[in-house]
Trainee: 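One structure is given below, represented as structure tokens, and several questions about it will come after.
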Amino acid sequence: QVRLRESGGGLVQVGGSLRLSCTASGRDFNTYAIGWFRQAPGKEREFVAGVRWVSEATSYVDLVKGRFTISRDGARNTVYLQMNSLKPEDTAVYYCNAGSTLRALQDVRTLNPWGQGTLVTVSS
């Protein structure tokens with residue numbers, strides 16, 4: 001089973017940047033797609049971005065295209081989410097999770113149990 005741990009959240013001003021890290025371990029994690037998700041107060045958890053470990057193909061939700069970049073570092077078994085030009089509406093708890101494909105990441109209801117996430121707060 002894939003095990004994932006999120007880190008890197010914090011408080012940032014509007015227009016600022018943060019980089020989140022998702023460190024992976026466990027059996028065959030490099031055969032999966034790894035995604036970043038977020039849940040804002042009072043809202044449902046949503047897909048933000050995903051990367052296929054082997055091909056490094058990526059997918060983004062429209063709201064973050066051009067501002068967020070997902071990447072993976074094979075040497076560190078880590079998936080990053082670089083977030084630039086942050087807006088107050090990006091405030092949320094951010095989670096990472098694994099799916100069999102990038103498409104599978106789109107349905108958050110079918111994914112593995114969630115970790116604690118990391119809080120990102122964008123102040124205006």
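Note that these values count all heavy atoms, side chains included, but never hydrogens, waters or copies made by symmetry.
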Trainee: Quick test of your reading of the model: are Lys87 and Asp90 salt-bridged, counting only N-O distances below 4.0 Å?
Mentor: no
Trainee: Would you compute the distance between atom CZ of Arg72 and atom SG of Cys22 and round it to the nearest 0.5 angstrom?
Mentor: 13.0 Å
Trainee: How long is the span from the CZ atom in Phe47 to the CG atom in Asn97, to the nearest 0.5 Å?
Mentor: 11.5 Å
Trainee: Does Leu102 share a hydrophobic cluster with Val108, counting links as ILVMFWY side-chain heavy atoms below 4.5 Å and allowing steps through other members?
Mentor: yes
Trainee: Under 4.5 Å between side-chain heavy atoms, counting indirect links through other Ile/Leu/Val/Met/Phe/Trp/Tyr residues: same cluster for Leu4 and Val93 or not?
Mentor: no
Trainee: With rounding to the nearest 0.5 Å, note down the distance linking NZ in Lys65 to OG in Ser59.
Mentor: 7.0 Å
Trainee: Is it true that a side-chain atom of Asp73 and a backbone atom of Arg76 form a donor plus acceptor pair closer than 3.5 Å?
Mentor: yes
Trainee: Considering only heavy atoms from C-beta outward, does the side chain of Ser7 approach that of Thr118 to under 4.5 Å?
Mentor: no
Trainee: Mind checking what makes ring pair (Phe, Tyr, Trp, His ring centres under 6.0 Å) contact with Phe29, not counting sequence neighbours?
Mentor: Trp53
Trainee: Testing the basics here: between Val120 and Gly9, what is the closest heavy-atom pair and its distance to 0.1 Å?
Mentor: CG2-CA, 4.1 Å
Trainee: Roughly how far, to the nearest 0.5 Å, is OG of Ser85 from CZ of Phe68?
Mentor: 9.0 Å
Trainee: Taking the side chain as C-beta and beyond, is there a heavy-atom pair between Leu18 and Leu86 under 4.5 Å?
Mentor: yes
Trainee: For a side-chain contact (heavy atoms from CB on, under 4.5 Å) check, start with the C-alpha distance between Leu111 and Phe37, then their side-chain angles and the critical distance, and finish with the verdict.
Mentor: CA-CA 11 Å; Leu111 301 179; Phe37 307 80; 3.4 Å; yes
Trainee: What distance separates Ile70 CD1 from Ile34 CD1, expressed to the nearest 0.5 Å?
Mentor: 8.5 Å
Trainee: Students often mix this up, so state it plainly: with edges at 30° and 60°, are the rings of Trp114 and Tyr95 parallel, tilted or perpendicular?
Mentor: perpendicular
Trainee: Could you please spell out the steps behind the side-chain contact (heavy atoms from CB on, under 4.5 Å) verdict for Tyr60 and Val48?
Mentor: CA-CA 6 Å; Tyr60 297 90; Val48 174; over 6 Å; no
Trainee: Under 3.5 Å, is there a donor-acceptor pair linking the side chains of Asn84 and Ser17?
Mentor: yes
Trainee: Step through the shown structure and confirm whether more than 12 heavy atoms of other residues, nucleotides or ligands are within 6.0 Å of CD on Glu89.
Mentor: yes
Trainee: Does Trp36 reach the side chain of Tyr94, with side-chain heavy atoms less than 4.5 Å apart?
Mentor: yes
Trainee: Using side-chain contact (heavy atoms from CB on, under 4.5 Å), reason through Met83 and Arg19 one step at a time and then give a plain yes or no.
Mentor: CA-CA 6 Å; Met83 305 186 295; Arg19 188 178 75 165; over 6 Å; no
Trainee: Donor-acceptor pair, distance only, cut-off 3.5 Å: does the side chain of Arg52 make one with the backbone of Tyr32?
Mentor: yes
Trainee: side-chain contact (heavy atoms from CB on, under 4.5 Å), that's the test. Do Val51 and Val79 meet it? Break it down for me.
Mentor: CA-CA 8 Å; Val51 60; Val79 173; 3.9 Å; yes
Trainee: Looking at every non-hydrogen atom in both residues, tell me the closest pair between Gln116 and Glu6 and how far apart they are.
Mentor: N-OE1, 4.1 Å
Trainee: Going hydrophobic residue to hydrophobic residue with side-chain gaps under 4.5 angstrom, can you get from Leu119 over to Leu11?
Mentor: no
Trainee: Rounded to the nearest 0.5 Å, what separates atom CG in Asn77 from atom CZ in Arg5?
Mentor: 12.0 Å
